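Reviewing the structure listed below.
Just so we're clear, the structure is a prediction, and the values are computed from it rather than from any experiment.
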Amino acid sequence: MAKLVLLSAGMTGRTQDLKAEKTTIGRVEDNTFHIAEPSISSHHCEVVVRGNDVIVKDLGSTNGTFINGERISEGALKPGQILRLGQVEMRLEAEASSSTTPKKLSQTMVMQRGVSLTELEQTARGVAFDTKGSGFSKKDNKVNKIVIASCVFLGVVILALLLYVFTMAK
């Protein structure tokens, strides 16, 4: 039995067996294969199984249906080929028939995931950061001290002048 295996990040490994003659794929829940992703149309495409052939028909999707990077309105999908709907990629995999010589199928590739917050925290706990000479140490800003001292001095001079003016006016 053929199946579609999702390859896109966040959906890696999710599969849909192509048991029925026709499988609809889209963003809304009334599809046989529901994929809630914004780049997929409500009713994006249908996959029809005819014997050993798998035919993909685009249903007027906004972002297109592609087989191995080529946009199609209808096309045959072979085992190992990549079907892309919008930004979501999946691969057709088929089980080898027991009556024929088994074919080696390509294995599902595990996509690299990001680092979790827990892993970052565990890694950072034992690390001491050397701030000397790294450019991240606290700077002693002499300019700020000079500006502050000048402002204080100027304030004292202005205050002294005002007192002088008021004492002379009396």
Side-chain angles (χ1 to χ4, degrees), residues 1-139 141:
M1 174 185 355
K3 65 180 175 181
L4 292 171
V5 179
L6 288 172
L7 304 173
S8 296
M11 299 180 235
T12 306
R14 186 173 154 208
T15 65
Q16 174 66 41
D17 291 330
L18 301 176
K19 297 176 189 173
E21 182 181 325
K22 181 170 80 170
T23 301
T24 58
I25 304 173
R27 191 177 67 245
V28 295
E29 293 180 13
D30 66 349
N31 289 285
T32 313
F33 192 15
H34 168 241
I35 304 172
E37 207 281 331
S39 68
I40 293 183
S41 294
S42 331
H43 297 95
H44 200 100
C45 70
E46 67 182 16
V47 179
V48 179
V49 179
R50 292 187 196 134
N52 290 333
D53 295 332
V54 177
I55 308 298
V56 179
K57 295 179 184 177
D58 185 81
L59 299 175
S61 66
T62 304
N63 294 319
T65 301
F66 300 81
I67 295 178
N68 280 352
E70 185 177 323
R71 189 172 189 145
I72 56 110
S73 56
E74 182 174 330
L77 182 63
K78 305 289 183 204
Q81 288 187 319
I82 303 297
L83 173 64
R84 181 168 56 90
L85 311 177
Q87 299 298 315
V88 177
E89 290 189 339
M90 57 193 83
R91 180 177 53 241
L92 178 67
E93 293 185 359
E95 292 180 10
S97 166
S98 59
S99 63
T100 62
T101 307
K103 295 179 182 177
K104 183 177 180 189
L105 298 176
S106 58
Q107 295 182 358
T108 301
M109 181 177 80
V110 176
M111 306 273 298
Q112 185 179 10
R113 66 175 183 85
V115 179
S116 72
L117 183 59
T118 307
E119 290 171 325
L120 281 176
E121 289 171 348
Q122 289 172 351
T123 304
R125 281 186 190 129
V127 177
F129 292 102
D130 177 24
T131 58
K132 301 279 188 215
S134 68
F136 292 105
S137 61
K138 186 175 179 180
K139 302 287 185 203
N141 198 340

Rounded to the nearest 0.5 Å, how far apart are [atom1] of [X] and [atom2] of [Y]?
X	Y	atom1	atom2	value
I67	L77	CD1	CG	5.0 Å
E46	E74	CD	CD	8.5 Å
S39	H44	OG	NE2	7.5 Å
L83	L4	CG	CG	6.5 Å
F33	T15	CZ	OG1	7.0 Å
R84	M90	CZ	CE	11.0 Å

Using only atom types and a distance under 3.5 Å, with no angle test, would you say the side chain of [X] pairs donor to acceptor with the backbone of [Y]?
X	Y	value
H43	I25	no
N31	S42	yes
R27	I40	yes

* **side chain to side chain contact (heavy atoms under 4.5 Å, CB included) between N68 and Q81, worked out** => CA-CA 6 Å; N68 280 352; Q81 288 187 319; 3.4 Å; yes
* Among all residues two or more places apart in sequence or in another chain, which pass the side-chain contact (heavy atoms from CB on, under 4.5 Å) test with T32? ->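 Expected list: Q16, T23, T24.
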Indicate every side-chain donor-acceptor pair of residues 50-60 with a distance under 3.5 Å to a residue at least two apart or in another chain.
from : atom 1 : to  : atom 2 : distance (Å)
D58  : OD1    : S61 : OG     : 2.6
D58  : OD1    : T65 : OG1    : 2.4
D58  : OD2    : G60 : N      : 2.9
D58  : OD2    : S61 : N      : 3.1

* Do the non-hydrogen side-chain atoms of R91 and I82 ever get within less than 4.5 Å of each other? ->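 Heavy-atom side-chain distance check passes, below 4.5 Å.
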* Verify side chain to side chain contact (heavy atoms under 4.5 Å, CB included) between I35 and L6, making sure each step is shown before the conclusion. => CA-CA 10 Å; I35 304 172; L6 288 172; 4.1 Å; yes
